Structure formats: structure tokens, C-alpha cells
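Heads up, the thing below is written out as C-alpha cells.
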Amino acid sequence: DIVMTQSPDSLAVSLGERATINCKSSQSVLYSSNNKNYLAWYQQKPGQPPKLLIYWASTRESGVPDRFSGSGSGTDFTLTINSLQAEDVAVYYCQQYYRTPFTFGQGTKLEIK
Amino acid sequence: QVQLQESGPGLVKPSQTLSLTCTVSGGSISSGGYYWSWIRQHPGKGLEWIGYIYYTGSTYYNPSLKSRVTISVDTSKNQFSLKLSSVTAADTAVYYCARDSPPPDYWGQGTLVTVSS
């Protein structure tokens with residue numbers, strides 16, 4: 001299985017500041033034939049299902065605010081949240097869909113400082 | 001807008017079979033183009049992908065659960081189902097169904113299944 005490791009496990013950021021969450025895969029999730037990274041980011045708030053934010057490592061899902069951005073390639077990826085809002089408090093997960101079984105990171109809990 | 005809704009017993013006894021159904025609305029499973037997945041989340045923990053099915057009936061299961069899992073589809077009812085046999089307390093979790101592009105883009109609200117006698 002491809003192991004996804006996120007850092008940090010938790011993060012406290014002031015309102016209006018930038019939050020950065022990292023995700024590392026145990027093997028590359030870049031498919032060379034189409035040059036796409038099979039990596040997604042999710043946001044999960046308490047009592048709710050995960051919400052897809054980013055796919056192909058950097059493509060925002062429709063309706064997701066542009067303060068959310070994804071970057072990286074191969075094995076190292078980053079989710080950046082600019083100008084943190086109160087409603088961004090949540091747990092964030094990365095997921096690889098390069099190879100079955102699809103696997104998720106352990107999650108990063110984002111709080112307001 | 002695609003919507004998914006899980007249904008099934010919230011309490012299952014150890015060694016029995018957990019059975020859940022996901023009803024899809026706002027889109028047809030038989031249209032193709034998507035997989036239909038089950039994903040679970042142990043209380044306070046991360047996400048575990050269980051497996052998926054295509055409308056043709058083709059399936060893939062997580063090897064960690066493969067010996068106990070069956071996913072089936074009923075296109076006439078626009079539903080797909082999960083059966084997990086020989087459950088233990090370790091199978092207590094919130095179970096989600098999802099449309100899987102991949103990645104999963106539409107999710108049900110989830111249903112808590114507790115394994116207890």
C-alpha cells in the first residue's frame with residue numbers, strides 16, 4: 001500500500017494568516033503518461049463527511065474558495081490556506097488515488113490561534 | 001446535484017454481518033463514468049477506503065478487508081450495498097458511501113455502525 005504521511009498532526013494559525021499542511025507519499029503518485037499527480041485534499045468538519053477541495057494535486061473543486069491551493073509533485077505535496085477564516089477550522093486529509101487500495105493521510109487538525 | 005444516503009442497522013452483534021445500502025439520487029449509477037465506493041472512519045480516527053463497484057458489477061476491495069467484504073449494485077433501484085461479515089468491535093465506525101471519480105467527490109452523510117452484544 002502507498003502510505004500517506006501528513007505533517008504536522010495539528011496546527012494553530014491566527015485569523016488572516018497562512019496555514020500550510022504537508023503530505024508525503026511513500027512512493028510517487030505522478031503518472032508519467034499524463035503528467036498528473038493522483039493526489040486529493042479534503043476538509044472535514046465535525047459531524048460532516050469529508051469535502052473534496054483539491055484534486056490532481058492542484059485543481060480546485062468547483063465552489064472551493066481560491067484561498068485554498070495545492071502544490072507539489074511526485075511524493076511531496078502541500079495544501080496552503082491563505083488568509084485563514086474561522087470557517088476553515090477542520091481536519092484536513094490528503095488521499096492518493098494513484099494505486100488501489102486508495103489511502104489517506106492521518107489528518108491534520110487546523111485550529112485558530 | 002448528486003446525493004447519496006446510507007441506510008442500515010446502527011447496531012450489529014459480534015460475528016454477524018454488517019449490511020448497508022447507499023441510495024443515489026440526482027444521477028444514475030448505470031450512466032457509467034464513476035465508481036461507487038464505501039469508506040469508513042473509526043471514531044476519532046482517519047479514513048479507510050473499503051472498496052468500490054462499477055455499474056457493470058466489477059469490484060475492487062481493500063486487501064485488508066477483502067476476505068470479509070462484498071459490494072453489490074442494483075441499478076434498477078439506483079443503489080449499491082456493502083456487506084461485511086464476521087464483524088468485531090474493531091469494525092465500529094462511521095460508514096460513508098461516495099461517488100468515486102476517483103477521487104470521491106460526492107459523499108453521503110455517513111452512518112454510525114456499532115458492533116456490540
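This is a predicted model, so every value here is computed, not measured. To find a chain, count down the sequence lines: A is the first, B the second, and so on, and within it residues start at 1. Side chains included, hydrogens not; waters and symmetry mates left out as well; all remaining heavy atoms used.
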(request) Quick one: closest heavy-atom pair of Q48(A) and Y96(B), and the distance? (result) O-OH, 3.5 Å

(message) Nearest 0.5 angstrom please: Q44(A) CD to L47(B) CG, how far?
(response)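 One finds 5.5 Å between CD of Q44(A) and CG of L47(B).
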
(request) Please round to the nearest 0.5 Å and tell me the distance separating atom OH of Y52(B) and atom OG1 of T100(A). (result)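 It comes to 5.5 Å.
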
Would you indicate whether the side-chain heavy atoms of [Y] and [X] approach each other to under 4.5 Å?
X	Y	value
P101(A)	S64(B)	no
K51(A)	Y106(B)	no
P49(A)	Q41(B)	no

Given the rule that I, L, V, M, F, W and Y join up when any side-chain heavy atoms are under 4.5 Å apart, are [X] and [Y] in one cluster?
X	Y	answer
Y31(A)	V29(A)	yes
Y34(B)	Y55(B)	yes
V2(B)	F80(B)	yes
F104(A)	L65(B)	yes
Y92(A)	L15(A)	yes

Got a sec: does the [atom1] of [X] have more than 12 other heavy atoms crowding it under 6.0 Å?
X	atom1	answer
R67(A)	CZ	yes
Y35(B)	OH	no
K66(B)	NZ	no

(request) Report the option among G110(B), P103(B), S37(B), P102(B) that has the most heavy-atom pairs separated by less than 4.5 Å from atoms of chain A. (result) P103(B)

[X], part contacting chain B, at a heavy-atom distance under 4.5 Å:
X	answer
F102(A)	both
E61(A)	side chain
Y42(A)	side chain

(message) Taking the six-membered ring for Trp, are W49(B) and Y97(A) closer than 6.0 Å centroid to centroid?
(response)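 For W49(B) and Y97(A), the ring centres are not under 6.0 Å apart.
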
(request) Could you tell me which of A40(A), P50(A), G47(A) has the largest number of non-hydrogen atom pairs under 4.5 Å with chain B? (result)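 Top count of heavy-atom pairs under 4.5 Å with chain B: P50(A).
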
